[in-house]
Amino acid sequence: MSQSEVQEVDATGLQCPMPLLMAKRALNALASGEQLRVLSTDQGSLRDFEAFSRQSGHHLLQSEDRDGLYIHLLQKA
């Protein structure tokens, strides 16, 4: 995977803790510096991904709410 490619996980329709668990699994497969975009419809994911990035050391580059679709962009530490 090239540096510019972003891996994507679609966790729409899933409730906590599934979006986070799917993101953890996907991050494990990435090399340091690679990025992961997570799509979620779980409002709690905003809080969850913030806490996860603090605890894990992975960088939360962006979290946005697009009318109930939460998009999180992470960079593997």
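No experiment lies behind these values; they were computed from the predicted model shown.
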inquiry  = So, using salt bridge (Lys or Arg N to Asp or Glu O under 4.0 Å) as the criterion, who are the partners of R66 when residues are at least two apart?
reply    = E64
note = Tested for side-chain contact (heavy atoms from CB on, under 4.5 Å) against Q35, the lone hit among L61, L74, L30 is L61
inquiry  = For G33, is there any backbone N or O sitting under 3.5 Å from a side-chain donor or acceptor partner on Q75?
reply    = yes
Name each donor-acceptor pair under 3.5 Å that joins a side chain in residues 10-27 to protein atoms two or more places apart or in another chain, with its distance.
unit_1: D10; atom_1: OD1; unit_2: T12; atom_2: N; d: 3.0
unit_1: D10; atom_1: OD1; unit_2: T12; atom_2: OG1; d: 2.6

task = Output all residues satisfying side-chain hydrogen bond (donor to acceptor under 3.5 Å, both in side chains) with S63, sequence neighbours left out; order by chain, then residue number.
result = H72
key: Partner residues of E50 under the side-chain contact (heavy atoms from CB on, under 4.5 Å) criterion, sequence neighbours left out   = R54, L60
query = If you round to the nearest 0.5 Å, how far is OG1 of T41 from OH of Y70?
reply = 8.5 Å
query = Hey, any chance I71 and V9 share a hydrophobic cluster, counting ILVMFWY side chains that come within less than 4.5 Å of each other, even indirectly?
reply = no
request  = Identify the two heavy atoms, one from S45 and one from S40, that lie closest to each other, and give their separation to 0.1 Å.
outcome  = OG-OG, 3.5 Å
message = Tell me whether Q62 at atom CD has more than 12 heavy atoms from other residues, nucleotides or ligands lying less than 6.0 Å away.
response = yes
inquiry  = Among residues at least two apart in sequence or on other chains, which ones pass side-chain hydrogen bond (donor to acceptor under 3.5 Å, both in side chains) with S56?
reply    = none
task = Could I get the full list of side-chain hydrogen bond (donor to acceptor under 3.5 Å, both in side chains) partners for E8, not counting sequence neighbours?
result = R37
